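Worksheet: one structure, shown below.
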Amino acid sequence: MTILTTIFILIVAVLHFYIMYFEMFAFTKPRALKTFNMTKEKAENGKELAANQGLYNGFMAAGLVWSVLYPDATIGLQIALFFLVCIVIAAIYGAITASKRILFAQGMPAIIALIFVIISL
């Protein structure tokens, strides 16, 4: 696995750990309300769902970290491929159903990392 590939995979992992934090622990805070364009009441009503969604983002991030740490680089790239494709699919779905910003905020970094992974295979 090249250094650039590793860097891009880790950027996506850090982004998804941040999203996990935001959705699980800060969903009702002012910054999250502004980011998600929600009222405090709406955020309070949906915070359990957001926490569940955040947990999935954490799993995606953990899988990417696992791919980088895996001792066999070829298998690590395959692990990264799986998790990055999952993130891209989720970003496309999110763009269709929630906000087009999701495709750029979550999808584009994953697509760039995915390109590096495919080149490295």
Side-chain angles (χ1 to χ4, degrees):
M1 192 176 304
T2 68
I3 291 173
L4 269 178
T5 303
T6 301
I7 289 170
F8 278 99
I9 290 170
L10 290 175
I11 287 170
V12 176
V14 168
L15 172 65
H16 280 78
F17 277 129
Y18 178 70
I19 294 167
M20 177 196 76
Y21 163 77
F22 223 61
E23 292 175 339
M24 291 187 78
F25 306 109
F27 194 68
T28 59
K29 305 289 188 235
R31 184 172 173 149
L33 298 176
K34 184 177 178 185
T35 299
F36 295 116
N37 194 24
M38 279 194 205
T39 64
K40 177 85 168 163
E41 181 181 46
K42 189 172 179 182
E44 284 291 340
N45 289 336
K47 69 182 180 182
E48 288 83 13
L49 292 173
N52 188 24
Q53 196 168 300
L55 187 62
Y56 283 96
N57 277 298
F59 290 148
M60 293 295 109
L64 291 174
V65 171
W66 176 41
S67 76
V68 169
L69 297 176
Y70 201 85
D72 182 330
T74 302
I75 293 173
L77 285 168
Q78 293 170 354
I79 294 168
L81 180 70
F82 171 78
F83 284 99
L84 290 168
V85 167
C86 288
I87 291 168
V88 170
I89 291 168
I92 291 168
Y93 184 78
I96 292 168
T97 61
S99 170
K100 301 218 183 313
R101 291 184 336 178
I102 294 171
L103 186 59
F104 297 102
Q106 293 180 19
M108 289 312 288
I111 289 168
I112 292 168
L114 187 58
I115 290 168
F116 276 96
V117 166
I118 290 169
I119 291 169
S120 298
L121 284 173

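Quick note: numbers below take in every heavy atom, side chains included, and nothing from hydrogens, waters or symmetry partners. Remember, it's a predicted structure, so these values are computed and weren't measured experimentally.
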Measure across [X] and [Y] and return the closest heavy-atom pair with its distance rounded to 0.1 Å.
X: Phe104; Y: Pro109; answer: O-CD, 3.4 Å
X: Ala95; Y: Leu103; answer: CB-CB, 3.7 Å
X: Glu48; Y: Glu44; answer: OE1-O, 4.2 Å

Does the side chain to side chain contact (heavy atoms under 4.5 Å, CB included) test come out yes or no for Thr39 and Leu33, once each step is laid out? CA-CA 6 Å; Thr39 64; Leu33 298 176; over 6 Å; no
Rounded to the nearest 0.5 Å, how far apart are [atom1] of [X] and [atom2] of [Y]?
X: Ile87; Y: Tyr56; atom1: CD1; atom2: OH; result: 14.5 Å
X: Leu77; Y: Tyr70; atom1: CG; atom2: OH; result: 12.5 Å
X: Leu114; Y: Met108; atom1: CG; atom2: CE; result: 11.5 Å
X: Leu4; Y: Phe116; atom1: CG; atom2: CZ; result: 5.0 Å

Give a yes or no on whether [X] and [Y] share a hydrophobic cluster (residues Ile, Leu, Val, Met, Phe, Trp, Tyr; joining criterion: side-chain heavy atoms under 4.5 Å apart).
X: Ile119; Y: Val85; value: yes
X: Ile92; Y: Val117; value: yes
X: Ile89; Y: Met60; value: yes
X: Leu64; Y: Ile75; value: yes
X: Ile102; Y: Leu49; value: no

Crowding at CD1, Ile3 (>12 non-hydrogen neighbours, <6.0 Å):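 Atom CD1 in Ile3 is not crowded, with 12 or fewer foreign heavy atoms closer than 6.0 Å.
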Using a cut-off of 6.0 Å, state whether more than 12 heavy atoms not belonging to Asn37 lie near its atom CG.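 No.
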Report, one line per pair, each donor and acceptor closer than 3.5 Å where one atom sits in a side chain of residues 5-28; sequence neighbours left out.
unit_1, atom_1, unit_2, atom_2, d
Thr5, OG1, Thr2, OG1, 2.7
Thr5, OG1, Ser120, OG, 3.0
Thr6, OG1, Thr2, O, 3.0
His16, ND1, Val12, O, 3.0
Glu23, OE1, Gly54, N, 3.1
Glu23, OE1, Asn57, ND2, 3.0
Glu23, OE2, Gln53, NE2, 3.1

Considering only residues two or more places apart or on different chains, which pairs with a residue in residues 73-86 satisfy side chain to side chain donor-acceptor pair (under 3.5 Å)?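 Side chain to side chain donor-acceptor pair (under 3.5 Å) check on residues 73-86 returns no pairs.
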Compare all side-chain heavy atoms of Arg101 with those of Thr35 and state whether any distance is below 4.5 angstrom.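 Yes. Closest side-chain heavy atoms under 4.5 Å.
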